[in-house]
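Data first, discussion second: the structure below is written as structure tokens.
What you are looking at is a predicted structure, and each value in this text was computed from that prediction instead of being measured.
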Amino acid sequence: MNTAIEEKKHPLAKAGKIATGAVGAVAALPFVAAGGWMLYSNTVINHKMPLPKAIDAERHNFFGKTTGHLSVYRDTGGSGRPLLLLHSVNAAASAYEMRPLFEHYRGARPVWALDLPGFGFSERTDRVYTPMLYEHAILDTLDKIGEPADVIALSLGCEFAARAALTHPEGFHSLTLISPSGFTPGEGERAS
């Protein structure tokens, strides 16, 4: 009788082992995929490829007073008050985010689009990136422009532009905030 019971359990035990193996294979799949991606990335992708320009315009590099190497796209073919465009801060941010506005105003007025520190062609050194660093990069750029500008900022770039406008309003003719975010209180400040 034991032999008959063992024979009946055997197919179920075999199915259980197969199911356990399938679960293990499915659990290992993300690790196999990650390993495959790392192998592909290290052997096929050129990680030393130069960064393409974000905007088809003259790109000017200068050294900020406290911010290091900064990169700005500019079109000074138009006349009138200068316009400074500031991108957001995210995983793939650069002046490219402001390209539609740059293209719209180019030729009609002087237009500048800054790559904030850590993005695009601006300096990407190993340092602490703080709201004050970005504020100073904006002020360095306004100083380079040489006269009060209309400033348009996007998302988190709005916080940095607002900080710069509060500390040095003489550099701003106007400030426009598109989808503003940030505005976190600094040390010793209170949110209202």
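- Taken together through direct or relayed side-chain contacts under 4.5 Å among Ile, Leu, Val, Met, Phe, Trp and Tyr, Ile145 and Ile55 form parts of separate hydrophobic clusters.
- Residue Tyr73 holds its OH atom at 11.5 Å from CZ of Arg106, rounded to the nearest 0.5 Å.
- When only modelled atom types and interatomic distance are considered, Ser181 and Ser155 share a side-chain donor-acceptor pair under 3.5 Å.
- Interatomic distance, CG of Leu142 versus NE2 of His168, reported as 10.5 Å (0.5 Å rounding).
- Hydrophobic clustering (ILVMFWY, side-chain heavy atoms < 4.5 Å, transitive): Leu101 and Leu175 are in distinct clusters.
- Summarising the geometry, atom CG belonging to Leu114 is positioned 8.5 Å from atom OG1 belonging to Thr67; distances are rounded to the nearest 0.5 Å.
- Enclosure of atom CG in Asp56 is not indicated, since only 12 or fewer non-hydrogen atoms of other residues, nucleotides or ligands lie within 6.0 angstrom.
- Distance check: Ser88 OG to Leu116 CG gives 9.0 Å after rounding to the nearest 0.5 Å.
- In the displayed structure, Asn46 atom CG is contacted under 6.0 Å by more than 12 heavy atoms of other residues, nucleotides or ligands.
- Between Arg81 and Pro148 there is no side-chain heavy-atom pair separated by less than 4.5 Å.
- The line from CD1 of Ile45 to OH of Tyr40 is 5.0 Å long, rounded to the nearest 0.5 Å.
- With a 4.5 Å cut-off on side-chain heavy atoms, Trp112 and Leu85 do not count as touching.
- The distance between the ring centers of Phe119 and His87 falls below 6.0 angstrom.
- Leu86 is not connected to Met98 by any chain of hydrophobic side-chain contacts under 4.5 Å among Ile, Leu, Val, Met, Phe, Trp and Tyr, and they are in different clusters.
- Counting all heavy atoms, side chain and backbone alike, Cys158 lies closest to Ala153 at SG-O, 3.3 Å.
- Cluster membership check: Leu156 shares its hydrophobic cluster with Tyr129, using side-chain heavy-atom separations under 4.5 Å among Ile, Leu, Val, Met, Phe, Trp and Tyr.
- Under a 4.0 Å N-O distance rule, the pair Asp143/Lys65 qualifies as a salt bridge.
- Grouping the Ile, Leu, Val, Met, Phe, Trp and Tyr side chains by contacts below 4.5 angstrom, directly or via other members, places Phe172 apart from Leu83.
- With salt bridges taken as basic N to acidic carboxylate O contacts below 4.0 Å, one links Asp150 and Arg109.
- Between Phe62 and Asp140, the shortest heavy-atom distance links the atoms CE1-O, 3.9 Å.
- Atom CG in Asp75 sits 8.5 Å away from atom CD in Glu103 (nearest 0.5 Å).
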